[in-house]
Amino acid sequence: MNLNVNGDEHEIACSTLAELMAALDYEGSWLATAVNGELVHAADRDGWRLRDHDRIEILSPMKGG
Amino acid sequence: MLHVYDTEISSRLLLGTAGYPAPAVLSDAVRASQTQIVTVSLRRETAGGRAGGAFFELIRELGTKILPNTAGCHTTKEAVLTAKMAREVFGTNWIKLEVIGNHDTLQPDVFALVEAARVLSNEGFEVFPYTTDDLVVAERLLEAGCRVLMPWCAPIGSAMGPQNLSALRSMRAHFPDVPLIVDAGIGRPSHAATVMELGFDAVLLNTAVAGAGNPAMMASGFAKAIEAGRQAFEAGMLEPRDMAVPSTPVIGKAVFS
């Protein structure tokens with residue numbers, strides 16, 4: 001499946017958002033996720049099925065003004 | 001005491017966390033400022049990265065309230081999604097709403113800002129809108145559900161200080177009961193004191209502190225200036241006049257010739 005994760009293209013075999021994050025070593029309670037411009041709560045990642053060409057954003061706390 | 005969204009705040013300085021030369025310098029500056037609110041953002045995490053977690057831990061150890069921003073967003077949709085993601089991470093309904101409309105000045109797109117403020121307020125967010133000093137926009141933001149306004153006094157990071165004092169004075173006069181926080185453009189403690197003397201409720205700083213030679217010392221200086229400006233406002237200041245007025249009594253003055 002071809003997925004765009006934080007702007008980078010990935011060819012990866014996974015079926016859910018949680019599987020994708022594990023495969024790419026994204027780990028931490030401080031992460032926020034969105035798929036195709038919609039928020040996906042942390043509790044919903046296990047059941048969130050990905051589709052070819054989905055766009056995934058994985059964000060993390062950062063300094064800011 | 002300053003009240004923002006039913007939260008009582010004793011410090012009238014809000015501090016950004018960006019641009020410090022090292023995490024320890026940031027921590028020292030936050031402590032020296034005695035701020036109770038720091039601003040943070042969300043950015044893409046790298047695969048396998050743990051930097052966000054380390055930063056979050058640093059911020060939590062400071063014990064302040066967290067005000068996440070939507071910096072870098074240029075549309076209502078981007079800002080709303082970023083706000084929702086920030087609530088997921090930081091566990092707060094507070095959001096410093098930025099919707100940028102111009103790349104050079106980082107001036108807010110006030111039309112998208114009002115729209116985003118309405119959407120977020122309806123979804124339970126407590127919105128701190130980064131706006132201009134335009135009174136009509138301010139009215140629209142209040143109608144959209146905002147209970148705090150954060151006008152710029154100059155472009156973000158410019159350090160120019162207040163560029164339109166009459167507009168700021170007018171804003172204070174039009175919205176006497178709305179907490180007004182000057183956000184962006186402050187460069188020096190005297191700038192902060194000036195807007196506080198006008199009756200603004202607080203100042204949000206970042207670059208002026210982070211970019212100083214000694215950020216902690218500058219944070220302390222700003223805290224004193226903000227407090228001094230507030231005290232001056234509450235004490236009631238003299239109006240300037242054109243002619244001199246002797247401060248020493250003239251009655252009883254000796255006549256030598």
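Computed from a predicted structure; not experimentally measured. Here is the naming used below: chain letters follow the sequence lines, and residue numbers restart at 1 for every chain.
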For this session: Pick whichever of B:Gly91, B:Ala54, B:Gly16, B:Gly53 has the most heavy-atom pairs under 4.5 Å with chain A.
Result: B:Gly53
Exercise. With distance as the sole test, does B:Lys77 use its side chain to make a donor-acceptor pair with the main-chain N or O of A:Gly37 at under 3.5 Å?
Worked result: no
Problem set entry | Top contributor to chain B interface from A:Leu31, A:Asp25, A:Thr33, A:Leu24 [non-hydrogen pairs under 4.5 Å] | A:Asp25
Exercise. Who among B:Asn69, B:Asn206, B:Thr17 has the most heavy-atom pairs with chain A under 4.5 Å?
Worked result: B:Thr17
Exercise. More than 12 foreign heavy atoms under 6.0 Å from CE of B:Met217: is that the case here?
Worked result: no
Exercise. Can you list the steps and then say if A:Lys63 with B:Arg43 is a side chain to side chain contact (heavy atoms under 4.5 Å, CB included)?
Worked result: CA-CA 9 Å; A:Lys63 55 195 177 182; B:Arg43 284 293 180 267; over 6 Å; no
For this session: May I ask you to check whether over 12 heavy atoms, not counting those of B:Tyr5, lie within 6.0 Å of atom OH?
Result: yes
Exercise. Does some side-chain heavy atom of A:Trp30 sit less than 4.5 Å from a side-chain heavy atom of B:Glu45?
Worked result: yes
Problem set entry | B:Gln34 atom CD, over 12 foreign heavy atoms within 6.0 Å | no
Problem set entry | B:Arg60, CZ atom: more than 12 neighbouring heavy atoms under 6.0 Å | yes
Exercise. Which bit of B:Leu81 comes within less than 4.5 Å of chain A, counting heavy atoms only: side chain, backbone, both or neither?
Worked result: side chain
Seminar exercise, completed: Applying a strict 4.5 Å limit to non-hydrogen atoms, the region of B:Thr82 in contact with chain A is neither
Exercise. Is atom CZ of B:Arg188 surrounded by more than 12 heavy atoms (other residues, nucleotides or ligands) closer than 6.0 Å?
Worked result: no
For this session: With a 4.5 angstrom heavy-atom cut-off, could you sort out which part of B:Tyr130 is near chain A: side chain, backbone, both or neither?
Result: neither
Problem set entry | Side-chain touch B:Val89/A:Pro61, heavy atoms, less than 4.5 angstrom | yes
Problem set entry | Closest non-hydrogen atom pair, A:Ser60 against B:Gly52 | OG-CA, 2.9 Å
Exercise. Looking only at heavy atoms, what is the nearest atom pair of A:His41 and B:Glu88, with distance?
Worked result: ND1-OE1, 2.7 Å
For this session: Find the distance between CZ (B:Phe56) and OG (A:Ser29) and round it off to the nearest 0.5 Å.
Result: 7.5 Å
Exercise. Which residues in residues 4-20 of chain A have a heavy atom less than 4.5 Å from any heavy atom of chain B?
Worked result: A:Asn6, A:Gly7
Exercise. Where does B:Glu98 contact chain A at under 4.5 Å (heavy atoms): side chain, backbone, both or neither?
Worked result: side chain
For this session: Measure the CZ-CE distance between B:Arg44 and A:Met62 for me, rounded to the nearest 0.5 Å.
Result: 12.0 Å
